[in-house]
> 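Structure incoming, see below.
Given the structure is predicted, the values throughout are model-derived calculations rather than measurements.
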Amino acid sequence: MNRLASRIDTVNRTIAGTARWLVVAMALVQFANVVLRHVFSISFIQMSEAVWYLHGLFFTLGAGYALLGDDHVRIDIIYGRLAPRTRAIINLAGTFCLLLPVCAAIIWFSADYVTGAWRIREGSAEFGGLPFIYVLKTGIWAFAFLLGLQGIAVAIRSAARLSIRPQYSSKCPSR
């Protein structure tokens with residue numbers, strides 16, 4: 001099972017490594033957009049929309065990696081003081097009671113939204129805007145899938161931690 005968790009980690013690391021380049025592209029497009037607008041008084045809606053697309057895709061594709069790196073929101077003042085086994089119980093319960101059901105609900109409730117966008121190849125409502133809103137909306141599914149997949153890896157590691165018997169100290173009185 002640890003091999004499966006490692007493969008899931010690799011998937012999210014690879015996708016996040018690729019998604020990092022979206023930030024570079026986003027910064028370059030935004031820089032060009034600002035220069036064109038303020039220096040040459042030229043504006044392109046496609047450039048503004050490209051920044052939105054890149055920003056949205058970066059965050060939706062990077063969510064699983066954030067969970068992998070333990071960079072998600074948590075009440076660390078409590079969690080950090082807990083024993084490793086207690087943390088594993090919290091992670092396991094959180095994954096199965098919260099994370100995976102929420103990921104499934106996101107996919108379920110966005111199904112008509114995303115498939116409808118693909119069916120009509122939805123584009124921008126702005127004149128001259130980008131024609132790829134359907135791709136951006138698919139990021140919703142990528143977000144839920146990659147986050148849920150990484151949640152499975154968290155659950156595997158938590159279950160493995162719980163299956164290890166705790167070591168007892170030699171300082172315990174013997175009978």
Side-chain angles (χ1 to χ4, degrees), residues 1-27 52-119 122 132-175:
M1 289 304 268
N2 281 335
R3 179 182 269 169
L4 176 60
S6 294
R7 286 184 180 164
I8 291 170
D9 292 349
T10 300
V11 166
N12 272 309
R13 275 192 191 98
T14 303
I15 290 172
T18 303
R20 286 183 185 127
W21 289 102
L22 297 176
V23 175
V24 174
M26 183 174 55
W52 301 339
Y53 282 38
L54 294 168
H55 186 261
L57 288 173
F58 171 73
F59 281 98
T60 56
L61 295 175
Y65 182 74
L67 182 58
L68 166 65
D70 215 17
D71 295 328
H72 55 289
V73 176
R74 171 188 341 240
I75 304 172
D76 280 332
I77 58 173
I78 297 169
Y79 184 83
R81 296 176 189 213
L82 298 174
R85 290 181 61 79
T86 306
R87 284 190 237 159
I89 291 168
I90 290 171
N91 289 341
L92 198 57
T95 298
F96 285 113
C97 295
L98 297 171
L99 180 67
L100 294 178
V102 166
C103 290
I106 289 170
I107 291 170
W108 176 264
F109 288 115
S110 68
D112 290 340
Y113 184 68
V114 175
T115 57
W118 272 91
R119 191 173 16 264
E122 184 178 2
F132 306 112
I133 287 183
Y134 61 97
V135 175
L136 184 62
K137 288 183 178 182
T138 305
I140 296 168
W141 284 352
F143 164 81
F145 179 75
L146 293 170
L147 191 59
L149 201 59
Q150 193 60 49
I152 291 169
V154 167
I156 290 169
R157 288 193 178 91
S158 296
R161 172 154 316 263
L162 291 173
S163 68
I164 298 171
R165 296 204 183 268
Q167 297 290 335
Y168 293 102
S169 173
S170 60
K171 296 179 185 176
C172 293
S174 57
R175 295 187 184 190

> Excluding sequence neighbours, so at least two apart, what forms ring-ring contact (aromatic ring centres under 6.0 Å, His included) with W21?
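Once residues adjacent in sequence are excluded, W21 has no partner under the ring-ring contact (aromatic ring centres under 6.0 Å, His included) criterion.
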> List in chain and number order the residues that pass side-chain contact (heavy atoms from CB on, under 4.5 Å) with A16, two or more places apart in sequence or in another chain; answer none if no residue qualifies.
Y65
> Test of understanding: with side-chain contact (heavy atoms from CB on, under 4.5 Å), list the residues that count as partners of T14, not counting sequence neighbours.
T10
> Determine the minimum heavy-atom distance between A5 and I156, stating which atoms define it.
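Shortest heavy-atom separation between A5 and I156 comes out as CB-CG2, 4.1 Å.
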> Return the CG to OG1 distance between L57 and T18, rounded to the nearest 0.5 Å.
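L57 atom CG to T18 atom OG1 measures 12.5 Å (nearest 0.5 Å).
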> For a 4.5 angstrom cut-off between non-hydrogen side-chain atoms, does I106 reach L147?
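They are not in contact (no side-chain heavy atoms under 4.5 Å apart), so the answer is no.
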> Going from CG on N12 to CD1 on I8, what distance comes out if it is rounded to the nearest 0.5 angstrom?
8.5 Å
> Which residues pass the side-chain contact (heavy atoms from CB on, under 4.5 Å) test with L98, sequence neighbours left out?
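Scan of L98 (side-chain contact (heavy atoms from CB on, under 4.5 Å), adjacent residues dropped) gives none.
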> Between atom CG of L92 and atom SG of C97, what is the distance when rounded to the nearest 0.5 Å?
8.5 Å
> Which pairs, with at least one residue in residues 82-111 and sequence neighbours excluded, count as a ring pair (Phe, Tyr, Trp, His ring centres under 6.0 Å)?
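Qualifying pairs, neighbours excluded: none.
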> If every non-hydrogen atom of T95 is compared with every non-hydrogen atom of A155, which pair is closest and at what distance?
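Nearest pair, atom of T95 first, then A155: CG2-CB, 3.9 Å.
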> Restricting to non-hydrogen atoms, name the atom on A88 and the atom on S158 that form the minimum distance, rounded to 0.1 Å.
O-CB, 3.4 Å
> Which pair of non-hydrogen atoms, one from L99 and one from G151, has the smallest distance, and what is that distance?
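Reported closest heavy-atom pair: CD2-CA, 3.4 Å.
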> What residues, two or more places apart in sequence or in another chain, satisfy side chain to side chain donor-acceptor pair (under 3.5 Å) together with D112?
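Checked D112 against side chain to side chain donor-acceptor pair (under 3.5 Å); zero matches.
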> Please, which pairs that meet salt bridge (charged side-chain N to carboxylate O under 4.0 Å, His left out) have at least one residue in residues 141-153, sequence neighbours excluded?
none
> Quick one: side-chain contact (heavy atoms from CB on, under 4.5 Å) partners of F58, sequence neighbours excluded?
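Applying side-chain contact (heavy atoms from CB on, under 4.5 Å) to F58 gives A19, L22, V23.
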> Could you pull out all residues at least two apart from Y113 that satisfy ring-ring contact (aromatic ring centres under 6.0 Å, His included)?
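Listed in chain order: nothing, the list is empty.
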> Would you list the pairs meeting salt bridge (charged side-chain N to carboxylate O under 4.0 Å, His left out) in which at least one residue belongs to residues 147-162, sequence neighbours left out?
D9-R157
> Donor-acceptor pairs under 3.5 Å, side chain of residues 132-146 to any protein atom, not counting sequence neighbours: which ones?
| unit_1 | atom_1 | unit_2 | atom_2 | d |
| --- | --- | --- | --- | --- |
| K137 | NZ | E122 | OE1 | 2.6 |
| K137 | NZ | E122 | OE2 | 3.3 |
| T138 | OG1 | W118 | NE1 | 2.5 |
| T138 | OG1 | Y134 | O | 2.8 |
| W141 | NE1 | S110 | OG | 3.0 |

